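Report on the structure given below.
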Amino acid sequence: MLTLYGKTFTSRLLLGTARYPSPEALKQAVKASGTEIVTVSLRRESARARTGQGFWALIEALGCRVLPNTAGCRTAKEAIATAQMARELFNTNWIKLEVIANDDTLQPDLFGLVEAAGVLVAEGFDVLPYTTEDLSAAERLVAAGCAVLMPWAAPIGSAQGLINKEALKSLRAYFPDIPLIIDAGIGTPSHAAEAMELGYDAVLLNTAIAEAGDPAKMAQAFARAIEAGRLAFEAGLIEPRDMAQPSTPVAGTPFFKVDHAS
Amino acid sequence: MQILLNGELHATNAQNLSELCAKLGFAEARIATAVNGSFVAATARSAMPLTEADEVEIVAPRQGG
């Protein structure tokens with residue numbers, strides 16, 4: 001079971017709701033993924049179009065827990081105000097905290113992130129910060145009161161997979177008791193399985209599923225990969241070695257002579 | 001007076017934020033608001049006066065990753 005801020009979940013896949021070819025495709029992907037948590041955002045509402053009202057009806061019908069984000073915020077102040085609006089709008093203390101430093105990489109502004117996290121935790125939010133694999137930033141986020149960390153695998157939407165796997169392993173080893181969710185940069189089910197094999201608690205996906213040729217089928221593929229990776233982690237993986245080691249017993253090999261063994 | 005509503009100039013005679021939301025047809029809508037960069041809770045909108053050049057944000061749920 002996955003436990004985040006006192007709530008337990010069977011699925012270890014968190015799913016974004018953006019970039020699907022249609023609302024129906026989103027619904028089908030959510031169903032096929034088995035996810036229990038979907039991410040959403042808030043955006044300016046036009047009095048004429050009232051786009052958000054219809055979208056909310058769609059999200060409510062999914063029956064998932066909602067994790068609002070602060071996507072697009074460039075400063076701690078913007079992220080804090082956005083989180084406060086999200087709490088009222090979605091009636092949840094949960095916030096996926098994003099403070100973006102750079103438009104090309106969409107990498108987190110770790111300084112603004114730590115600042116905003118401290119303020120929001122003090123206001124009673126359950127903060128899930130979108131961060132990098134940086135250990136010192138992670139320590140500061142935990143010190144600020146974050147009980148979950150969401151490091152990227154690679155830049156958002158880049159589909160590059162775990163580009164700094166060693167650092168992600170260090171992060172896992174350093175924080176054995178903090179739920180760690182890989183958020184961003186996953187392109188393939190094998191990337192997701194790799195993250196889960198490292199002992200990550202969950203994976204947050206969006207583009208890799210939403211922009212697949214068949215989002216529902218890809219959602220199913222990711223769900224299985226995440227489950228497989230988790231099972232492998234729990235089962236205990238063997239260590240890689242430099243040289244071969246016969247799997248078939250050597251003792252009793254027919255025609256065996258000592259000089260064969262040297 | 002002129003305010004900046006969601007980044008665009010908007011002429012209104014609404015005395016407060018609650019009135020503005022009602023005039024825009026948002027009285028019953030699922031929205032959240034901010035004025036001049038700070039969050040204004042739904043319950044505080046009627047006590048939030050609007051003045052010339054105020055920057056008002058009215059947001060609603062949307063797709064997100």
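None of these values were measured; they are calculated from a predicted model. These numbers come from the heavy atoms of this one structure, side chains and all, not from hydrogens, waters or symmetry mates. Chain letters run A, B, ... following the sequence lines, proteins first, then strands; residues in each count from 1.
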Test log, rule side chain to side chain contact (heavy atoms under 4.5 Å, CB included), inputs Lys77(A) and Ser38(B) = CA-CA 8 Å; Lys77(A) 185 175 191 293; Ser38(B) 296; 4.3 Å; yes

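Among Glu98(A), Arg43(A), Arg19(A), the residue with the largest count of heavy-atom pairs under 4.5 Å with chain B is Arg43(A). Chain B forms the most heavy-atom pairs under 4.5 Å with one residue out of Val40(A), Leu26(A), Val38(A), and that residue is Val40(A).
Side-chain N or O atoms of Arg50(A) include one that pairs as donor or acceptor with a backbone N or O of Gly25(B) at under 3.5 Å. Side chain of Asn69(A) to backbone of Gly64(B): no donor-acceptor contact under 3.5 angstrom is found. Put simply, the side chain of Gln53(A) gets close to the backbone of Arg30(B): a donor and an acceptor are under 3.5 Å apart. The closest donor-acceptor contact from the side chain of Asn6(B) to the backbone of Ser46(A) lies at 3.5 Å or more, if one exists at all. Checked by atom type and distance alone, the side chain of Glu88(A) pairs as donor or acceptor with a backbone atom of Ala42(B) at under 3.5 Å.
Annotation for Ala47(A) and Leu24(B): closest pair CB-O, 3.6 Å, computed over non-hydrogen atoms. Taking both residues in full, the closest heavy atoms of Leu42(A) and Val59(B) are given as CD1-CG2, 3.9 Å, listed atom of the first, atom of the second, then distance. Of all the heavy atoms in Gly52(A) and Ala60(B), the pair that sits closest is CA-CB, 3.9 Å. Nearest heavy atom pair, residue Gly65(B) against residue Lys96(A), reads O-NZ, 3.2 Å.
For Tyr20(A), no part lies under 4.5 angstrom from a heavy atom of chain B. Within the 4.5 angstrom heavy-atom criterion, no atom of Glu78(A) approaches chain B.
Within 6.0 Å of atom CZ in Phe111(A), 12 or fewer heavy atoms from other residues, nucleotides or ligands are found, so the atom counts as exposed in its surroundings. No more than 12 heavy-atom neighbours from other residues, nucleotides or ligands sit within 6.0 angstrom of CD on Glu8(B).
Two residues are said to be in side-chain contact when any heavy atoms from C-beta on lie closer than 4.5 Å; Arg44(A) and Glu57(B) meet this criterion.
Taken from CD1 in Ile80(A) to CZ in Phe39(B), the straight-line distance is 13.5 Å, to the nearest 0.5 Å.
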